A.B. asks: 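Shown below is the structure under consideration.
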Amino acid sequence: MRFTVTTWNINSVRLRIAQVRRFLRKVQPDVLCLQETKCPEDLFPLKHLRSVGYRSIVHCGQKGYNGVAILSRHSFSAEHGMELCERRDARHIAITLGDDAGAAAGITIHNFYVPAGGDTPEPDLNPKFAHKLSFLAEMRRWGDSKAPAKAPAILVGDLNVAPLENDVWSHKQLLDVVSHTPVETEALETLRGEAGWVDAARHLTPEPEKIYTWWSYRAQDWAASDRGRRLDHVWVSPDLGGTLKSVDVARETRGWTRPSDHVPVTAVMEL
DNA sequence: ATGGTTGTCATACAA
C-alpha cells in the first residue's frame with residue numbers, strides 16, 4: 001500500500017484555504033499536517049477541507065498565532081496536544097490512524113511547530129530563543145521517554161531548524177543566524193538520533209545536495225537568489241525507514257500568488 | 001551594518 005504524508009506551514013489557513021484545496025486535489029496525500037494555521041477553533045474551515053475528501057480533521061488553534069492541524073482521508077483517534085514549556089501554545093497535535101487506513105492502521109503521526117526563536121541567538125538576551133531551546137530540550141526528554149519506541153510512528157512539522165550544512169544556502173554565513181546556530185542544530189540532531197528517527201529527506205537525498213523548504217518573504221526575487229533553508233521535516237521511526245520511496249518538496253507553491261513562505265514536503269512510503 | 005516582507009489585529013508583534 002502506498003501511503004503519503006505531507007507537512008506544510010501554511011501561515012494562515014483561512015487566507016490560503018484555496019491553495020490548500022488546490023494542493024490536496026493535485027497531490028491527494030493520505031494525511032496533511034499544517035502549522036501556523038493562525039485560526040481560532042470555531043473558525044477553522046472544516047467544510048472546505050471535508051469537501052475535497054478529508055473527512056477526519058483535528059485542529060488545535062489560538063487567535064492570531066501558532067496553531068496546528070491534521071487532515072486525513074482515513075479515520076483516526078486524536079491525542080490532545082502536549083503542553084510544552086508550561087504554555088498552552090498550539091504547537092503540537094497527534095493522531096493514530098484507524099482500521100480503515102489499511103497497512104497504515106496503528107501508525108501515530110506527531111505534528112510539531114517549534115518556536116522560531118526571534119532574531120538574537122542569545123538565550124540570556126532573547127527570551128524567544130530561550131523558549132526555543134527549552135522546547136527542543138522538552139522534545140528530547142519526550143522522545144527519550146518513549147525509547148525504544150516500538151509502535152510505528154511519524155514525526156513531521158516546521159521544526160524551525162536547518163540541521164545540516166547543505167540545509168541552508170550558506171553554512172558559513174548562517175552560523176550566527178537563528179535556525180542554523182550550532183546550539184540548535186546539535187540539539188535537533190541529538191534528539192532525533194537518540195530516539196532513532198530517520199530523516200526521510202536525507203535518507204533518500206544525502207548531502208551535499210541542497211534541500212530547502214522555506215524562502216524569506218524579504219528577498220527581492222526569492223527564486224533567483226534562492227537563499228533557502230530546510231526548516232520543514234518528515235521523520236519516521238526506524239521500522240518505517242525501509243518503506244520510504246520518495247520525498248517531494250513542492251517548490252512551485254512558493255511561486256503562487258500570495259504564497260506561504262514555506263512549501264509542502266511530502267513523503268511517500270510503501271507499507 | 002542595515003533593512004528588507006507578511007499576517008493578524010488594530011498597533012505592535014511574531015515570524
Side-chain angles (χ1 to χ4, degrees), chain A residues 7-21 23 33-45 48 59-69 81 84-92 111-123 125-136 139 156-163 167-170 172-181 183-185 187-188 212-233 251 253-265:
Chain A
T7 180
W8 193 5
N9 178 320
I10 194 61
N11 188 15
S12 175
V13 68
R14 283 177 290 169
L15 186 67
R16 279 182 257 283
I17 186 62
Q19 296 187 32
V20 175
R21 285 160 54 87
F23 177 83
C33 297
L34 296 172
Q35 304 87 34
E36 272 206 278
T37 52
K38 293 185 172 177
C39 181
E41 303 285 351
D42 52 332
L43 297 179
F44 196 81
H48 292 95
H59 175 237
C60 168
Q62 58 192 95
K63 190 174 82 169
Y65 304 104
N66 307 329
V68 285
L84 290 125
C85 300
E86 298 174 344
R87 300 189 190 203
R88 297 177 343 202
D89 289 354
R91 293 183 179 274
H92 170 261
N111 180 14
F112 279 95
Y113 174 47
V114 173
D119 291 330
T120 304
E122 297 282 347
L125 303 176
N126 174 8
K128 293 195 207 101
F129 195 70
H131 179 212
K132 183 178 196 175
L133 296 183
S134 298
F135 193 101
L136 291 170
M139 281 181 73
V156 309
D158 175 6
L159 305 185
N160 264 317
V161 178
D167 292 338
V168 293
W169 63 275
S170 169
K172 273 192 178 177
Q173 287 177 256
L174 288 172
L175 275 170
D176 278 329
V177 174
V178 171
S179 74
H180 195 62
T181 65
V183 65
E184 295 168 82
T185 59
L188 193 74
Y212 310 141
T213 66
W214 172 91
W215 293 262
S216 171
Y217 284 127
R218 296 176 187 175
Q220 268 192 344
D221 184 335
W222 71 273
S225 57
D226 199 22
R227 293 183 169 188
R229 306 178 199 170
R230 186 171 73 105
L231 304 179
D232 303 276
H233 300 270
R251 180 183 169 110
T253 67
R254 186 65 177 77
W256 289 355
T257 303
R258 286 258 252 171
S260 169
D261 45 354
H262 297 253
V263 303
V265 178

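Values in this document were obtained by computation on a predicted structure and should not be read as measured data. Below, read A as the first sequence line, B as the second, and so on, with proteins coming before strands; counting in each chain starts at 1.
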A.B. asks: Restricting to ring pair (Phe, Tyr, Trp, His ring centres under 6.0 Å), what partner residues turn up for A:H131, sequence neighbours left out?
C.D. replies: none
A.B. asks: Given that A:Y65 and A:Y217 both sit by DNA chain B, which one's nearest nucleotide is further toward the 5' end?
C.D. replies: A:Y217
A.B. asks: Taking 4.0 angstrom as the limit, do A:D226 and A:R254 come out as a salt bridge?
C.D. replies: no
A.B. asks: Which part of the nucleic acid, if any, lies within contact of A:R227, taking any heavy atom under 4.0 Å across all strands shown: a base, the sugar-phosphate backbone alone, or nothing?
C.D. replies: nothing
A.B. asks: Identify whether any heavy atom of A:Q220 sits under 4.0 Å from a base atom; if not, whether one sits that close to sugar-phosphate; answer base, sugar-phosphate or nothing.
C.D. replies: nothing
A.B. asks: If I pick the C1' atom on B:dA14 and the same atom on B:dA10, what distance separates them, to the nearest angstrom?
C.D. replies: 15 Å
A.B. asks: Can you tell me if A:Q35 uses its side chain to pair, donor with acceptor, with the backbone of A:N9 under 3.5 Å?
C.D. replies: yes
A.B. asks: If the C1' atom of B:dT11 is compared with that of B:dG7, how far apart are they to the nearest Å?
C.D. replies: 14 Å
A.B. asks: Might you work through the side chain to side chain donor-acceptor pair (under 3.5 Å) test for A:N126 and A:T120, ending with a clear yes or no?
C.D. replies: CA-CA 6 Å; A:N126 174 8; A:T120 304; 4.9 Å; no
A.B. asks: Considering every strand and a 4.0 Å limit on heavy-atom distances, what is the contact class for A:R91: base, sugar-phosphate, or nothing?
C.D. replies: sugar-phosphate
A.B. asks: Determine the interatomic distance between C1' on B:dG3 and the same-named atom on B:dA15; round to the nearest Å.
C.D. replies: 16 Å
A.B. asks: Please identify the 5'-most and 3'-most nucleotides of DNA chain B with any atom under 4.0 angstrom from a heavy atom of chain A.
C.D. replies: B:dG4 to B:dA15
A.B. asks: Who are the ring pair (Phe, Tyr, Trp, His ring centres under 6.0 Å) partners of A:Y113, not counting sequence neighbours?
C.D. replies: none
A.B. asks: Mind checking the C1' distance from B:dC9 to B:dG4? Whole angstroms is fine.
C.D. replies: 23 Å
A.B. asks: Using the closest heavy atom to pick a nucleotide of DNA chain B for each, name whichever of A:N66 or A:V13 lands nearer the 5' end.
C.D. replies: A:V13
A.B. asks: Would A:S179 and A:E184 count as having a side-chain donor-acceptor pair, cut-off 3.5 Å?
C.D. replies: no
